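From a predicted model like this one, the values you see are computed outputs, not experimental measurements. Atom set for the values below is all heavy atoms of this structure, side chains included, hydrogens, waters and symmetry mates excluded. Sequence lines set the chain letters: A, B, ... in the order given, protein chains first and strands last, and positions in each chain run from 1.
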Number of protein chains: 2
Amino acid sequence: MTVWDRPEPPARPVPLDRERIVAAAVALADEGGLEAVSLRKVAARLEAGPMRLYGYIAVKEELLDLMVDEVYAEILPEERAGDWRAALGGLAHRTRRAALRHPWLADLLGGRPALGPNGLAVTEATLAALDGLADVDTVMRAVETVSAYFTGAIRREVAELRAERVSGLSKREWQRASGPHVTAMLATGRFPALARAVHDGADGDPEVSFTTGLDWVLDAVATRLTRASP
Amino acid sequence: MTVWDRPEPPARPVPLDRERIVAAAVALADEGGLEAVSLRKVAARLEAGPMRLYGYIAVKEELLDLMVDEVYAEILPEERAGDWRAALGGLAHRTRRAALRHPWLADLLGGRPALGPNGLAVTEATLAALDGLADVDTVMRAVETVSAYFTGAIRREVAELRAERVSGLSKREWQRASGPHVTAMLATGRFPALARAVHDGADGDPEVSFTTGLDWVLDAVATRLTRASP
DNA sequence: CGTTCGCCAATACAGTGTATCGGCATGAGA
DNA sequence: TCTCATGCCGATACACTGTATTGGCGAACG
């Protein structure tokens, strides 16, 4: 028996806490997507048995919630935003960038209420930025409408990004890209408007698409906020 | 050995096709959510072995795509919509109602491009309703912005609905509802705006919330469409 | 009638989330 | 200091997942 095959002494267990667990899970997800996050792998990364985690979380779902809340820390505004428009727009852009850094976030976004401390802090900051501009219900509607927009937009962007990755081509080359299936469909002539859109549409910078749509929504919010100032 | 424990003769295999498979999967998901959809259970419902399904689908993901496309059939407009606003608004509402009938749809919405025949048909109908109102890119932007809104809004609504179901209470009773955790958080005083919103906000009909936000977004689209008529 | 081919079911495998149990190390009590 | 209790950690176990592989059987064909 050499030093090579003598097993490591079981290495006095490193103390664990939620932070380290969540960090490991996030790292795993960043590397291999959400499906790479299993309790066993998270535990292994911390040199612990899978069951150790159950001292800190009750079910796996809870770990996912914690991961989301961890990322909400990156979304928190550093300083008090200028006006409401900057606040909502900044929130949207920070969320988008966070989702581009952590694509798995798109799978979880809006999937369940963000009730963790950072999630709450983000909502708090957002509401505070709109406070007093209109009655409570209008403010809520404004925040929810903008959130709905950027949640949906981010999801689609990430989804398309993944689809492009597997086919290796841009949306412009969609037809050839996503296999012969869609090409055949378009060739049937049953989707003339869609075919024209695919043919004539320029696929610009996703960021400007996002920003443009966001501006539209913010404009809509603006008219309602100014109209109903309390 | 009685008639009771004599096993059924293996029952000459019922012929299978994608439609029957997808229908079974949708039924399963309607009853028990997405997590109740396993290849084994789908196959069992069709009195077949799990491996039979691989004659019709390549991977499970494909089955999920087919399920989504199946529901898109319910979203297809029956008749040519009146104006563009009716088209987009109708699409939003039909999608929402479909998601309320099939809550698992919310988990999948926007998760990947809807490239099935019904999904394409829905996009086609939508684009056709906006055709000629502006240049192609503006029309695309309009459709995508509205879609982003209602996708996000539907996801949040279903998510809240589920959260309410597990706690048995309405969003108004959020604090007491979602366990002591959120209550404690709000009680810390670190979230004054949020606390006020929860306290003062009326939680109205989700449908009117949805419709109100939708109207805002449609208004925004309206100004861009009329401004940039080709 | 004999052979081959294609399909279906059974088996197998690696991996999942989680419940349960056994042992060990530590702290309390005598 | 010795004994006992306690709490925690790892191993084991279980039911279940998606999917690859294999074996056998019925039907089509020479």
- [ ] Give a yes/no on whether any side-chain N or O of B:Arg52 is located under 4.0 angstrom from OP1 or OP2 of C:dA9.
- [x] yes
Task: A:His93 ring center within less than 6.0 Å of A:Phe150 ring center - done: no
Task: Cationic N near anionic O, under 4.0 Å, A:Glu31 to A:Lys41 - done: no
Open item on the list: Testing the basics here: between B:Thr126 and B:Val122, what is the closest heavy-atom pair and its distance to 0.1 Å?
Closed with: OG1-O, 2.7 Å
Open item on the list: When you measure only distances, ignoring hydrogens and angles, does the side chain of A:Arg40 come within 3.5 Å of the base of C:dG15 through a donor and an acceptor?
Closed with: no
TODO: Could you state the atom-to-atom distance from CG of B:Leu53 to P of D:dG18 in whole Å?
DONE: 10 Å
Task: Presence of salt bridge, B:Glu70 and B:Arg18, under 4.0 angstrom - done: no
Task: Per B:Met51 side chain, nearest of listed nucleotides C:dA19, C:dA10, C:dG17 - done: C:dA10
TODO: For the side chain of A:Pro50, starting at C-beta, report the closest nucleotide among D:dC9, C:dT18, D:dT19.
DONE: C:dT18
Open item on the list: What is the separation between atom OH on B:Tyr56 and atom C1' on C:dC8, rounded to the nearest whole Å?
Closed with: 10 Å
TODO: Please tell me if the side chains of A:Ile57 and A:Leu39 come closer than 4.5 Å, counting only heavy atoms from C-beta onward.
DONE: yes
Task: Spacing between B:Leu63 atom CG and D:dG18 atom P, to the nearest angstrom - done: 10 Å
Task: Residue B:Leu39, side-chain atoms from C-beta onward, closest of C:dG17, D:dT19, C:dA19 - done: D:dT19
Open item on the list: Nearest whole Å is fine: how far is D:dT19 C1' from B:Lys60 NZ?
Closed with: 12 Å
- [ ] Output yes when at least one side-chain N/O atom of A:Lys41 is less than 4.0 Å from OP1 or OP2 of C:dT16, else no.
- [x] yes
- [ ] Starting from P on D:dA15, measure out to CD on B:Glu35 and report it in whole angstrom.
- [x] 19 Å
Task: Spacing between A:Glu47 atom CD and D:dG10 atom P, to the nearest angstrom - done: 11 Å
Open item on the list: Tell me the interatomic distance from A:Leu46, atom CG, to D:dG10, atom P, rounded to whole angstroms.
Closed with: 11 Å
Open item on the list: It should be established whether A:Tyr54 places a side-chain nitrogen or oxygen under 4.0 Å from OP1 or OP2 of nucleotide C:dA19.
Closed with: no
